Amino acid sequence: MHRWSQLFIPTLREAPADAEVASHKLLVRAGYIRQLGAGIYSFLFLGNRTTQKIMGIVREEMDKIGQEFYLPALNPRGLWEESGRWSLIGENMFRLKDRKGADLCLGFTHEEVMTDIARKELRSYKQLPQIWYQIQTKFRDEPRPKSGLLRVRQFIMKDAYSFDIDAAGLDVSYAKHHDTYCRIFDRCGLKYMVIDAHSGAMGGSQSQEFTVRTPAGEDLVVSCEKCNYAANMEKATSRLAPVEDLKPEGDGAPLEVHTPGQKTIEDVARFLGVSPKHMLKTLAMMVAGEDVKTGKTEQRALVLLLRGDHQMNEAKLSTAVGGRETRPMREDEMQEFFHSPAGYLGPLGIGWAEDMGVSIKPALLVDEALEGHTNLIGGANKENYHVKHLTPGGNFHPTAYADLRSVTAGEDCPNCGAPLRIDTAVEIGHIFKLGYKYSESMGARVLDRNGKEVAPIMGSYGIGIERILTAAVEQSNDENGFWLPPSIAPFEVVVVSTNSKDEAVRSASEDITRQLEAAGFDVLLDDRDERPGVKFKDADLVGIPFRINVGKKVTEDTVEVVRRSTLEREDVKISAITAYFQKLRPGLP
RNA sequence: CGGGACGUAGCGCAGCCUGGUAGCGCACUUGCUUGGGGUGCAAGGGGUCGCGAGUUCAAAUCUCGCCGUCCCGACCA
């Protein structure tokens, strides 16, 4: 029997001053966690119980599709050099040296280790598919740990890796994970969204994130109220309201107009009496590229055109340039390439590259929203002048069209046309078709049906264990505390003995606890010699979804059941208490 | 890494400007009291004032350096 009086549950009346988000404040106050350093937390009794329950659910569901491994956190440098990530990841990886001076790192994820096992052991398509997973601690030297458990440097992650003989197989493995993740998060009682995600510069064809809406989140999620469209900001698109192009003046040839001192889009639009929608936003960038002949890294000029009222999205730009690094062009570089001051750049009169391949000519990327539009207004590449009648594909020729803009709230859903909303959210899971990146670079090969050597195709799939807890707390809290879904709460029921001096109350509390435990419930008995008010406050704080108040009414065989989420109270006969909770199962809210 | 703030008892804070006995609330210990929403009274315990140098007769307080934590930004396979 779990007696509060014998346990270590250090609740606090006040939250630490440096806690900002609700989950951080409450998990500390409820005695779940204590901070050891920036982004490093200890889990105490209640916190550990909860993460164990979460891991239990994850394990049960993952075991239906895969096999659990236990892998080293300490990894030798060589392995990570093979995949290229030793240098690619940079400062975000914890590195150390052993006594002999050999370089090691602490596992960031486990693609390398899993692929190493695969390449040493897998020989034939007959051994595929394989799904291997682990639930272990990951280390990341985050530049800025923050928000309690949301962004930390050491955390538990369930990560899984699939190996298939072909893309069709990967589709199956991916779908299995998708369904398993839905079951896991359903069982954890979370209200989550599955969103299309940016696959990153690492390649990979498909990727979805499982996210939970909360103001504490760091991801921006675009979602449709009507249909199930949802996507990461880095990936989201929208249907734009039609824009009627400006009518050409005269013969429609490019026409310079004097715009003295008008630099910003808004200034110029107002000055000329047009909407920013008819303006071109011109962004000059430098992009890192490699010279084919010399192999040297060099900078290349890149100009982006967006509609005047649109915002450029860096992740989309990164995708458009194949993951190469970009940065804004400096003023002196603008002079060099365009002989134009900032604020007056435009696409006319410049020899743009014909394709995105290596070329010494600057590239012109035009946002898809501008495709087909005519008579736009942009800079004239000279101070105090803009140009009317600019038409992409007409009087200037883009190197390519690409999706470069960020969606804004209220634009139309690309599926159904209903308005889109934008929320912050916490990422709790991510599934990812990796492709051949690791199997190729690390030399994993199996023989296919025809005896031909091929690289297996991989997927990787992660779940942040603590983030499930954090998201659940963020989702269900008030100023007095929080309540967890029964499936992941440290206890399902707390029995509050309101008067420890009253023998009838005391023994009834014990009986009820014993009964419920016998029926398989996780019960915490608050038998402390405290005033009822103190116990009620603590019970409200610590995340347990149900409370039984045992008080004066024991003489009438009655106790009070309080549902933490709604604070609804209900009198229940002691003799019927087990049946009462059994009826709530398994669909406890 | 850039900008800002903070570091005094377990937690929350005052004291610092203007140098001189380290203080308050909660928590903790003991006794009494109370017993359905952090009960009341009384008596106690607990501090290298983040660390190190310097200035001074004297430093929590002034100066310099370091360390740590938080917030904004950059970053985020």
Side-chain angles (χ1 to χ4, degrees), chain A residues 8 10-21 24-25 28-29 31 34-41 80 83-93 105 107-112 138-148 150-153 155 157 159 161 197-204 207 209 217-220 232 234 314-315 318 323 325 327-328 426-427 430 432 434-435 437-438 441 458 460-462 464 480-481 496-502 505-506 526 528-541 547-554 559-560 562 567 569:
Chain A
F8 183 62
T11 59
L12 296 175
R13 199 185 282 229
E14 282 176 287
D18 50 19
E20 197 80 1
V21 299
H24 186 197
K25 290 182 186 168
V28 173
R29 284 191 56 207
R34 286 295 185 259
Q35 183 170 8
L36 185 61
I40 311 175
Y41 287 86
W80 289 73
S83 68
R85 294 211 291 179
W86 181 264
S87 53
L88 197 84
I89 290 177
E91 300 276 81
N92 260 20
M93 188 154 69
C105 66
F108 189 88
T109 58
H110 278 76
E111 279 85 356
E112 281 80 359
K138 304 285 184 225
F139 299 88
R140 294 184 190 185
D141 194 359
E142 288 287 345
R144 187 149 95 81
K146 58 183 283 201
S147 305
L150 277 181
R151 180 170 284 281
V152 290
R153 296 196 289 174
F155 57 96
M157 180 169 161
D159 52 328
Y161 304 88
H198 177 64
S199 324
M202 302 289 290
S207 166
E209 280 177 37
E218 297 187 294
D219 281 14
L220 285 175
N232 193 302
E234 298 168 340
E314 299 210 13
S318 170
E325 220 167 277
R327 64 166 171 85
V426 177
E427 178 186 355
H430 199 156
F432 202 136
L434 270 182
K437 180 185 160 48
Y438 293 91
S441 65
M458 293 173 60
S460 90
Y461 317 90
N480 293 318
V496 176
S497 169
T498 60
N499 187 339
S500 50
K501 296 233 161 50
D502 184 322
V505 169
R506 197 197 58 77
D526 190 351
R528 293 174 298 169
D529 183 15
E530 287 286 353
R531 303 201 19 118
V534 173
K535 296 185 171 190
F536 293 157
K537 285 287 182 193
D538 272 344
D540 284 349
L541 176 61
R547 180 170 105 215
I548 300 174
N549 291 334
V550 183
K552 292 185 189 96
K553 282 182 271 186
V554 287
V559 291
E560 189 175 58
V562 185
L567 298 175
R569 286 145 194 267

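Sequence lines set the chain letters: A, B, ... in the order given, protein chains first and strands last, and positions in each chain run from 1. Quantities reported herein were computed from a predicted structural model and do not represent experimental measurements.
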Using a heavy-atom cut-off of 4.0 Å across all strands, would you classify [X] as base, sugar-phosphate, or nothing?
X      : answer
A:D538 : base
A:A15  : sugar-phosphate
A:T11  : nothing

Just the rounded figure in Å: distance from [atom2] of [N] to [atom1] of [X].
X      : N     : atom1 : atom2 : value
A:N232 : B:C76 : CG    : P     : 13 Å
A:E14  : B:C13 : CD    : P     : 7 Å
A:M157 : B:C76 : CE    : P     : 17 Å
A:L150 : B:C70 : CG    : P     : 13 Å
A:E142 : B:G73 : CD    : P     : 15 Å
A:D18  : B:C71 : CG    : P     : 8 Å
A:R29  : B:C26 : CZ    : C1'   : 12 Å
A:M93  : B:C76 : CE    : P     : 15 Å

(message) Pick the closest RNA chain B nucleotide for A:T109 and for A:G148 by heavy atoms, then say which residue is nearer the 5' end.
(response) A:G148
(request) On RNA chain B, check which nucleotide each of A:E218 and A:P145 is closest to and give me the residue with the more 5' one. (result) A:P145
Pairing nucleotide - [N], Watson-Crick or G-U, each distance under 3.5 Å:
N     : result
B:A22 : none
B:A77 : none
B:G2  : B:C72
B:A42 : B:U30

(message) Can you tell me whether the side chain of A:R13 and the base of B:A27 have a donor-acceptor pair closer than 3.5 Å?
(response)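 There is none.
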Closest listed nucleotide, where the reference is the side chain of [X] and the choices are [options]:
X      : options             : value
A:K537 : B:G37, B:C75, B:U69 : B:G37
A:K146 : B:C70, B:C71, B:A77 : B:C71
A:N92  : B:U69, B:C76, B:A77 : B:C76
A:P143 : B:C75, B:C76, B:G38 : B:C75

(request) Run through A:K138, A:R85, A:R140 and flag the one making a side chain to side chain donor-acceptor pair (under 3.5 Å) with A:T109. (result) A:R85
What interatomic distance, in whole Å, is found between [atom1] of [M] and the corresponding atom of [N]?
N     : M     : atom1 : result
B:U56 : B:U61 : P     : 16 Å
B:G37 : B:C71 : P     : 37 Å
B:G12 : B:A27 : C1'   : 11 Å
B:C76 : B:C1  : C1'   : 15 Å
B:C24 : B:A14 : C1'   : 7 Å
B:G25 : B:C41 : P     : 11 Å
B:U39 : B:U29 : P     : 15 Å
B:G15 : B:A60 : C1'   : 8 Å

(message) Working to the nearest 0.5 angstrom, can you tell me the gap between A:E209 CD and A:N232 CG?
(response)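 Those atoms lie 4.5 Å apart.
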(message) Could you measure the distance from the CG atom of A:N499 to the NZ atom of A:K501? Nearest 0.5 Å is fine.
(response) 7.5 Å
Mind checking whether [X] and [Y] have side chains closer than 4.5 Å, heavy atoms only?
X      : Y      : answer
A:E218 : A:V426 : no
A:S460 : A:E111 : yes
A:F536 : A:V562 : no

(message) When you measure from the side-chain N and O atoms of A:Q35 to the phosphate of B:G68, is any distance below 4.0 Å, counting only OP1 and OP2?
(response) no
(message) For B:C71 and A:R144 - does any side-chain N or O of the residue sit under 4.0 Å from the phosphate oxygens OP1/OP2?
(response)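 So the side-chain polar atoms of A:R144 do come within 4.0 Å of the phosphate oxygens OP1 or OP2 of B:C71, strictly under.
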(request) Would you tell me whether A:H24 and A:S147 have side-chain atoms, one donor and one acceptor, within less than 3.5 Å of each other? (result) no
(message) Does the protein touch nucleotides 29-36 of chain B at the base, only the backbone, or not at all? Give it as B, S and - per nucleotide, heavy atoms under 4.0 Å.
(response) -----BBB
(request) Apply the test side-chain contact (heavy atoms from CB on, under 4.5 Å) to residues A:R547 and A:D540: give CA-CA distance (whole Å), side-chain angles for both, the deciding distance (0.1 Å), then the verdict. (result) CA-CA 9 Å; A:R547 180 170 105 215; A:D540 284 349; 2.8 Å; yes
(request) With sequence neighbours left out, write down each residue that passes side-chain contact (heavy atoms from CB on, under 4.5 Å) with A:K537, or none if nothing qualifies. (result)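 Checked A:K537 against side-chain contact (heavy atoms from CB on, under 4.5 Å); matches are A:N480.
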(message) Can you give me the closest heavy-atom contact between A:R506 and A:S500, atom names plus distance?
(response) CD-O, 4.2 Å
